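For clarity, every value in this text was computed on a predicted model and none was experimentally measured. Whatever order the structure lists them in is the order used to number ligands and atoms, beginning at 1.
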Amino acid sequence: MEYRISKRVASLTPSLTLSIDAKAKQMKADGVDVIGFGAGEPDFDTPQHIKDAAAKALADGFTKYTPASGTPQLRQAIADKFKRENGLDYTPAQIIVSCGGKHSCYNVITATCQADDEVIIPAPYWLSYPEMVKLAGATPVILETSDVTAFKVTPSQVRAAITPRTRLFILNSPSNPTGTVYTPSEIRALADVCIEKGVLIMSDEIYEKLLYDGATHQSVASFGPVYKDHTVIVHGFAKAWSMTGWRLGFLAAPLPIAKAIDALQSHSTSNPTSFAQVGAVAALQGPQDHLPLWLAEFDKRRQYACERLNAIPGMSCCVAKGAFYLFPNISGSGMKSTLFCDQLLEQAKVAAVPGIAFGADDYIRLSYATSMRNIEEGVNRIERFMRESAA
Ligand SMILES: *Cc1c(COP(=O)(O)O)cnc(C)c1O
């Protein structure tokens, strides 16, 4: 039997962040002393009250189908969150709960993009965006940025990239992989171009709360009704509540888009896990006192790692103001990112993700969602590796 894989799926590249992480974990299991900077998830446990709420729901028998787009309680709690924290009025019908923020992105792109459409994606980008666009049959249009401008795309770049076929502009602030945070006025200026040209914005705000150095987040939808009408917000529980394995994300959209996604989800995954949704209500409505503790810890690691990396000859690193990633420039090593990361893992036993996965081959991504001890040892190893490869 000759198996034919569909063109759309055959063209996919498996997620490099997930595979590097798996390789490092395997080496560790084999007894190799690896320092892993590959993690795309917080190294803290889900807060106890969230686990308790889900465990109780499970014990109480809340184990059946829920409405495809989420329980009324959770969709209301999410609408309340947008009102309370972002000043945004959404009805529960405009909120869709999905199986992770990644699934929310997939739903938005699938529901709004088709063949002959173009989707503008600033690079470095979260690696799944272009693949999802290709799966929808549409074409990713990548806008290059560099560390010289802190990886920020400009309104004139976006304007120049828009054609009559442009359907969607993808914004991700704070950013994975760079940690870049756009200021509110920068976000507004980008949105103004999209509104003028009638382009929808998908704003991935999953790192909304992970901010340092006094940086602020303002949702693109919150600048006024016309901004809200041009925006779908994507969000999730994975990062700020450390719930990556729960697979719970959500989105807020103009009603026609929310209805389309409701139909799509009703025929694909149906509802996200019933008792996990009860945990998510507790995440939104319960105490948030874990967050300042996590942020203080992340911030300490961020400052330390950034300073150390910038002191290494041949390496430079933007001071990222959000998320939990650093994206140092490795062009001084004379290597491109895949070779650099292969050698770094082989020789120095440090796992990092090659920037090429995010559309930026002169950089690597280091996650500081790991202990300070690992960061100290890992940076020592990177320093030695750079010295030895220069020699
Ligand atoms: C982690 C992440 C998500 C969502 O992750 P899920 O685990 O699917 O909730 C979405 N966007 C970005 C940029 C991320 O880094």
Atom of Y325, atom of P177 and distance for their closest heavy-atom approach: CB-O, 3.3 Å
Exercise answer: donor-acceptor pairs, residues 40-47 side-chain atoms, under 3.5 Å, sequence neighbours excluded:
{"from": "E41", "atom 1": "OE1", "to": "T244", "atom 2": "OG1", "distance (Å)": "2.5"}
{"from": "D43", "atom 1": "OD1", "to": "R301", "atom 2": "NH1", "distance (Å)": "3.1"}
{"from": "D43", "atom 1": "OD2", "to": "R301", "atom 2": "NH1", "distance (Å)": "3.4"}
{"from": "D43", "atom 1": "OD2", "to": "R301", "atom 2": "NH2", "distance (Å)": "2.9"}
{"from": "D45", "atom 1": "OD1", "to": "K51", "atom 2": "NZ", "distance (Å)": "3.4"}
{"from": "D45", "atom 1": "OD2", "to": "K51", "atom 2": "NZ", "distance (Å)": "2.7"}
{"from": "T46", "atom 1": "OG1", "to": "S242", "atom 2": "O", "distance (Å)": "2.7"}
{"from": "T46", "atom 1": "OG1", "to": "W246", "atom 2": "NE1", "distance (Å)": "3.4"}

Between Q76 and D80, a side-chain donor and acceptor under 3.5 Å: yes
Short N or O contacts of ligand 1 with protein, under 3.5 Å, listed by atom name?
{"from": "ligand 1", "atom 1": "7 (O)", "to": "R247", "atom 2": "NH1", "distance (Å)": "2.7"}
{"from": "ligand 1", "atom 1": "8 (O)", "to": "G101", "atom 2": "N", "distance (Å)": "3.1"}
{"from": "ligand 1", "atom 1": "8 (O)", "to": "K102", "atom 2": "N", "distance (Å)": "2.8"}
{"from": "ligand 1", "atom 1": "8 (O)", "to": "R247", "atom 2": "NH2", "distance (Å)": "2.8"}
{"from": "ligand 1", "atom 1": "9 (O)", "to": "G101", "atom 2": "N", "distance (Å)": "2.7"}
{"from": "ligand 1", "atom 1": "11 (N)", "to": "D204", "atom 2": "OD2", "distance (Å)": "2.6"}
{"from": "ligand 1", "atom 1": "15 (O)", "to": "N176", "atom 2": "ND2", "distance (Å)": "2.8"}
{"from": "ligand 1", "atom 1": "15 (O)", "to": "Y207", "atom 2": "OH", "distance (Å)": "2.6"}
{"from": "ligand 1", "atom 1": "15 (O)", "to": "K239", "atom 2": "NZ", "distance (Å)": "3.0"}

Ring-face cation of K228 near Y90 (centre distance under 6.0 Å, axis angle within 45°): yes
Test log, rule side-chain hydrogen bond (donor to acceptor under 3.5 Å, both in side chains), inputs S69 and Q265: CA-CA 7 Å; S69 296; Q265 192 158 293; 4.7 Å; no
F358 and Y363, any side-chain heavy atoms less than 4.5 Å apart: no
